[in-house]
Amino acid sequence: MTSLELTMEKPNLAVKESRDVKHDLTSGTPEKTVGEALLDAESARMTCRDVNVYYGEKHAIKNISLDIGRNEVVALIGPSGCGKSTFLRCLNRMNDTIEICHVTGDISIDGMNIYDKKIDVVPLRAQVGMVFQKPNPFPKSIFENVAYGPRIHGLASDKHELEEIVVGSLKRAGLWDEVKDRLHAPGTGLSGGQQQRLCIARTIAVGPEVILMDEPCSALDPIATARIEELIDELRENFTIAIVTHSMQQAARVSQRTAYFHLGTLVEVGDTDDIFTNPRHRLTEDYITGRFG
Amino acid sequence: MNNQTASTPPSTMEKVSAGMGRRYARERRFRVYGMLAVTLGMVFLATLLFSIVSKGYSAFQQTYMELEIHFDPEVLGIQDPNNAAQISGADYPGLVKASLRAEFPEVSNRRDKRTLYGIVSSGAAFELRQMVMQNPALLGTTQRLWVLADDDVDMLVKGHIDRNVEESGRRMSDLQIGWIDHFLDAGRMELRFNTVFLTAGDSREPELAGIRSAITGSLLTLLVTLSLSFPIGVAAAVYLEEFAPTNRWTDLIEVNINNLAAVPSIVFGLLGLAVFINFFGMPRSAPLVGGMVLTLMTLPTIIIAARAALKSVPPSIREAALGIGASKMQMVFHHVLPLAMPGMLTGTIIGMAQALGETAPLLMLGMVAFIVDIPGGVTDPATVLPVQIYLWADSPERAFVERTSAAIMVLLGFLVVMNALAVLLRKRFERSW
Amino acid sequence: MAREIEGHTMRRFDGELHHLHNLLLQMGGLVQNQFELALQALREKELQLADKVIARDRDLNDLEVKADEEVISVIARRTPVARDLRTVMSFSKVITDLERMGDEVVRIADLTYSLYENDGPGPGTQMMRDVHGMGRMCGEMVQAALRMLDSLDVESADELRAHQLELDSEFQSSVRRLATFIMEDARNVGNSIKVVLVLKSLDRIGDHATNIVEHVYFLAKGKDIRHIPPSVHRA
């Protein structure tokens with residue numbers, strides 16, 4: 001052995017330095033997001049810069065900068081209370097309904113700052129749709145559920161056109177074959193998974209560019225979950241999707257990029273493949289391998 | 001080894017089973033207390049209902065007697081059968097008296113005669129007048145007619161006057177009882193359904209007194225209350241719950257609304273008297289003013305119920321509406337309000353039931369008047385059912401006792417119907433979701 | 001080995017990974033022991049010892065099957081990701097390498113038999129010198145690789161990878177030397193070929209040891225260095 005050691009000098013491995021940096025868990029949250037949070041102007045649909053959210057005194061989101069690209073699914077993961085849902089709700093200003101909530105920073109869609117005073121939230125929410133944790137169809141018929149959005153926004157000029165939008169949306173949501181015979185039955189009578197797909201149909205009926213999903217499968221069984229995930233994958237062709245999920249497997253299955261939130265900070269962003277095989281930050285790794293939470 | 005087993009602490013199972021008996025006993029005891037409470041409540045309710053029904057059911061029957069009436073134009077003092085004024089002003093009580101005299105020719109004493117006339121209700125003469133005015137051809141003919149008996153006769157027939165009591169101790173003399181028995185034995189006196197009670201207004205004579213004017217008054221008052229308090233209450237609730245910012249002012253308003261619900265109703269009556277009648281000069285005793293005062297009284301109830309109904313609409317529905325770009329107004333009116341409506345209706349109907357049973361503030365507004373005529377509009381003088389009950393309960397005649405109870409039964413009936421309506425409406429709305 | 005495979009909220013997961021790791025170390029220990037016995041049999045011409053080595057290979061196969069089952073079970077039930085995923089995948093590959101090493105050891109034992117079975121002359125001491133040298137070198141590599149598998153500490157990974165290159169060139173020169181024996185005397189052909197096969201097996205064992213090092217490196221660092229030869233780094 002000794003004879004061999006002589007010939008060896010420590011080789012320099014051709015690996016990016018950041019790949020090997022594992023921050024110490026006890027040193028707390030990082031100052032700076034690890035990974036490629038920002039995209040080039042060409043591929044970014046929504047850009048968020050230095051976003052801070054306060055609930056009264058509480059600093060819920062700290063200096064988050066993140067881009068969401070065109071036709072990609074971004075998964076936001078992290079332990080409960082890490083601010084991922086809060087961040088998601090900033091993207092279509094759903095936080096406006098909470099009086100004590102205060103948002104600073106810059107969030108833009110296609111270069112337009114959505115927190116600008118001149119921006120009206122009503123058309124914004126048509127542009128950035130949202131699907132919620134619990135399937136929440138209106139207590140109306142299936143048809144009315146989907147038709148409601150186009151109707152209030154005046155998207156259809158006559159009844160025929162409205163029907164076309166409804167049928168098209170139901171088809172894209174993969175629900176058409178199951179409900180075509182009972183369009184006028186109440187939406188609340190569907191199964192949980194069907195209800196959630198109805199909610200997705202309702203959202204895409206108003207023709208949004210971005211769809212935000214806040215734990216859309218947390219109330220569903222695995223089969224219904226799989227159908228929603230398949231749907232998300234299909235919708236990616238036409239929409240930009242940001243999804244908050246507690247299921248890391250789901251994030252791994254549906255997303256192209258994954259962002260890990262921890263105590264209001266964005267710890268790491270990266271390609272989903274990288275995050276789930278070789279995360280760069282120790283906090284990310286501990287979270288996704290189930291070492292705390 | 002033996003020592004060890006002896007000192008082994010009892011197992012969990014043993015400890016648990018040791019306490020089991022006591023736990024079950026406590027549970028049984030608690031169940032018994034509950035049953036007792038429910039039973040007691042039921043007994044009170046049953047007693048109340050029994051007392052009211054047993055006293056009041058007889059008011060739905062009234063004693064009628066058959067008299068042979070000779071429509072003698074001379075007795076009536078009618079010379080010209082075509083003269084409407086003469087027919088109208090004729091002496092119809094004379095006909096009744098004549099008929100009674102013919103029935104009992106042996107009565108000659110003046111005092112006895114007056115007593116004899118007393119067994120027929122004074123309403124009989126009005127009835128005869130009504131008949132003749134409708135059909136003057138009756139003049140000169142003799143008819144056997146069923147007419148109302150006096151309330152004392154009614155009481156005797158219904159057994160409320162005890163024949164076995166000494167003559168001086170009861171309201172009827174042996175002589176009167178003899179006459180009545182004469183009619184009874186001949187089958188010319190019997191109990192019939194009391195239509196007068198449901199169709200007539202108030203009267204000093206119990207056998208002529210009815211609740212129609214009171215019911216109409218109540219309905220008119222409720223109509224005014226409903227048409228004012230429902231829209232105002234719902235609008236206030238929607239504003240406070242959905243649109244108002246939360247600050248000190250809205251807190252103050254909320255506290256005050258809750259306090260208003262606890263203000264004694266008589267205070268609202270005084271307020272109505274001072275503001276509506278004295279300041280604005282609105283008519284006294286009118287359902288309009290009564291309804292307005294009851295509106296003030298029921299508003300807090302409706303607002304509180306409506307806010308609770310709005311609060312109970314799941315936030316997920318609001319989020320769903322906002323999430324696809326509905327404005328706040330659209331969210332409220334397209335989604336929240338329809339879902340809250342059943343709750344609001346229930347609250348409103350409960351408020352209305354409260355208003356229906358309210359007496360005190362109406363006393364202040366003069367709705368305690370003696371109303372014979374049936375009110376035709378919201379500005380006519382009127383009284384309401386509970387006030388009518390209060391008035392009758394105060395009257396000395398024995399026959400008013402059963403009428404009071406009967407009126408209470410009618411009032412309770414209305415309340416039951418209203419509550420049933422609330423349940424029905426709610427069911428309907430729930431189904432149409 | 002500490003936090004490489006520990007610290008899950010679900011502690012049974014830790015236990016399962018530990019169990020898998022222990023199976024691997026058990027296999028590794030058995031392979032190393034077999035390897036030493038095979039070399040000893042070759043050195044001391046002990047055919048009985050060679051028999052024993054051949055027979056004990058079955059134990060190694062049993063362990064391999066057991067470890068593979070454990071890998072499948074962990075994947076199925078724990079759906080490992082990130083470091084856990086790398087751990088399980090690396091372990092799975094290490095299992096294969098260990099089993100192959102075992103096979104090579106058996107091959108050496110077989111060759112020992114055919115070299116010394118007949119009372120023929122057998123290979124000369126000169127001929128066997130390279131075998132013993134490479135055997136020692138190879139044994140050190142196996143030991144180092146197993147130490148790394150045990151500690152999951154990859155500090156010395158590149159040293160080991162360099163040993164492999166050394167072993168390779170040693171193999172090349174040994175083959176050249178053996179060629180000279182054949183040229184000297186055609187009767188040496190049979191033994192020489194067998195000795196070359198032994199050397200080849202030793203070279204293969206070294207390869208597998210290096211593979212193990214590379215798998216452990218991937219486990220610990222998340223970087224695949226299999227096809228980046230250490231020579232490139234030196235450049």
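Here is how names work: the chains are called A, B, and so on, in the same order as the sequence lines, proteins then strands, and each is numbered from 1.
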What one should report as the nearest heavy-atom pair of A/Arg125 and B/Leu322 is CD-O, 3.0 Å
Exercise. State, with a plain yes or no, whether a side-chain heavy atom of A/Pro139 is found less than 4.5 Å away from one of B/Ile317.
Key: yes
If one checks every heavy atom of A/Phe132 against chain B at 4.5 Å, the contacting part turns out to be side chain
Separation between CZ (A/Arg151) and CD1 (B/Ile324), nearest 0.5 Å, reads 11.0 Å
Notebook entry, point to check: Are any non-hydrogen side-chain atoms of A/Thr97 and B/Arg318 less than 4.5 angstrom apart?
Noted result: no
Practice problem: Check whether any side-chain heavy atom of B/Glu319 lies under 4.5 Å from a side-chain heavy atom of A/Arg89, and answer yes or no. | Solution: yes
Proximity of A/Tyr148 and B/His335 rings by center, below 6.0 Å:
yes
d(A/Glu144 CD, B/His334 NE2) to nearest 0.5 Å is 11.0 Å
Original post:
So with a 6.0 Å cut-off around OH of B/Tyr33, is the heavy-atom count from everything else above 12?
Top reply: no
Smallest heavy-atom separation, A/Asn136 atom then B/Ala320 atom, equals ND2-CB, 3.2 Å
Bottom line for A/Pro137: the part with an atom under 4.5 Å from chain B's heavy atoms is backbone
When the 4.5 angstrom heavy-atom criterion is applied to A/Val122 and chain B, the contacting part is both
Distance col, row A/Asp96:CG vs B/Lys328:NZ, nearest 0.5 angstrom, shows 10.0 Å
